[in-house]
Amino acid sequence: TLAERAAERRAHVERVRSATSTRSGSESGSEGGIDVSTAASSSASASASSKARVPTSEELSAHQRRIDEARATRDPVDFLRSNRDKAATTTSVAPKSSSSTTTHDEHKPGEVPKYLLQRKRELEEAEEARKRAAEAEAIPAGMKVLPEAERIDTLSVLERRREETLGELNHLPLTRDTLAFR
């Protein structure tokens with residue numbers, strides 16, 4: 001609540017004051033012409049917006065000096081050499097076999113490997129599927145392909161009807177007896 005927030009702000013102000021006084025060390029209590037107490041109070045108001053204090057150039061240069069000193073005192077590590085030494089001393093996990101290992105099943109010399117036969121079957125099936133799809137596209141909409149026996153029966157019925165129709169047409173009289181001719 002409101003009282004808790006005020007207590008948090010006071011605690012934060014005290015932390016900032018103590019951090020600022022330890023950072024400045026032997027300095028005379030002012031940073032760049034600003035009094036430490038003023039900087040602490042301004043940082044207290046900035047804490048409400050939860051922004052961090054911007055370090056001064058002296059603080060940045062001191063931090064960089066500490067980093068450089070730490071790098072200078074550290075011994076350089078040759079990772080390539082250490083990896084090479086580890087690889088030479090370790091043994092492999094899997095025992096090496098005298099025969100070569102293949103990813104495919106073993107086959108006898110002179111025989112076609114099983115994976116090649118399987119691949120050939122897959123290619124043939126894909127080609128047949130492609131041909132069936134092309135034939136299906138060639139059939140017009142609303143039509144279907146008849147089985148061979150049904151197709152032959154249908155053709156014989158149609159031929160018989162054609163012959164009957166032509167026979168009836170041939171039996172019609174061909175005379176010039178029309179109204180216009182009379």
Side-chain angles (χ1 to χ4, degrees), residues 1-6 8-9 12 43 45-55 57 59-60 63-64 66-68 70-71 74-182:
T1 62
L2 191 58
E4 292 172 353
R5 287 185 190 168
E8 288 175 8
R9 283 191 202 129
H12 180 70
S43 66
S45 64
S47 70
S49 64
S50 66
K51 286 188 174 180
R53 187 181 68 80
V54 178
S57 60
E59 292 172 344
L60 289 174
H63 181 67
Q64 187 62 41
R66 286 193 302 270
I67 290 174
D68 292 340
R71 285 184 182 158
R74 187 173 21 162
D75 292 330
V77 178
D78 187 3
F79 291 105
L80 293 176
R81 179 177 291 153
S82 65
N83 286 342
R84 202 177 311 125
D85 294 341
K86 284 181 186 176
T89 58
T90 58
T91 59
S92 66
V93 176
K96 294 181 181 178
S97 63
S98 60
S99 64
S100 64
T101 59
T102 60
T103 58
H104 304 294
D105 295 335
E106 296 294 326
H107 63 277
K108 296 177 185 174
E111 288 184 356
V112 178
K114 292 178 185 176
Y115 74 94
L116 287 178
L117 294 173
Q118 181 182 359
R119 178 72 175 141
K120 185 177 179 181
R121 277 193 304 267
E122 290 172 358
L123 290 174
E124 289 172 353
E125 290 171 1
E127 181 66 22
E128 289 174 13
R130 188 190 60 78
K131 284 181 182 178
R132 282 193 302 266
E135 289 173 0
E137 283 183 9
I139 299 172
M143 306 232 173
K144 67 176 187 175
V145 177
L146 294 175
E148 190 64 26
E150 188 177 347
R151 186 183 71 85
I152 290 173
D153 289 343
T154 305
L155 279 177
S156 64
V157 169
L158 289 174
E159 284 178 3
R160 187 172 34 95
R161 285 188 186 165
R162 179 178 172 255
E163 292 298 324
E164 290 173 1
T165 307
L166 283 177
E168 290 175 2
L169 189 61
N170 286 336
H171 286 92
L172 289 176
L174 291 176
T175 59
R176 295 170 79 182
D177 190 17
T178 62
L179 292 175
F181 191 67
R182 287 185 197 173

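Bear in mind the structure is a predicted one, so any value in this text is a computation, not a measurement.
Residues Arg160 and Glu164 are in side-chain contact: their nearest non-hydrogen atoms beyond the backbone lie under 4.5 Å apart. Within the 4.5 Å cutoff, the side chain of Glu127 has no heavy atoms near those of the Leu123 side chain.
Screening residues 139-149 for salt bridge (Lys or Arg N to Asp or Glu O under 4.0 Å), with sequence neighbours left out, gives Glu148-Arg151.
To the nearest 0.5 Å, the span separating CD on Glu4 from CZ on Arg9 amounts to 12.5 Å. The CG atom of Leu116 lies 11.0 Å from the CZ atom of Arg121; values are rounded to the nearest 0.5 Å. In this structure, CG in Asp68 is found 10.0 Å from NE2 in His63, a value given to the nearest 0.5 Å. The CG atom of Leu169 sits 11.5 Å away from atom CZ of Arg162, with the distance rounded to the nearest 0.5 Å. Interatomic distance, CG of Asp153 versus CD of Glu150, reported as 7.5 Å (0.5 Å rounding). Rounded to the nearest 0.5 angstrom, Leu158 CG and Thr165 OG1 are separated by 10.5 Å.
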Could you give the side-chain donor-acceptor pairs of residues 79-87 under 3.5 Å, partners two or more places apart or in another chain?
{"from": "Ser82", "atom 1": "OG", "to": "Phe79", "atom 2": "O", "distance (Å)": "2.9"}
{"from": "Asn83", "atom 1": "ND2", "to": "Phe79", "atom 2": "O", "distance (Å)": "3.4"}

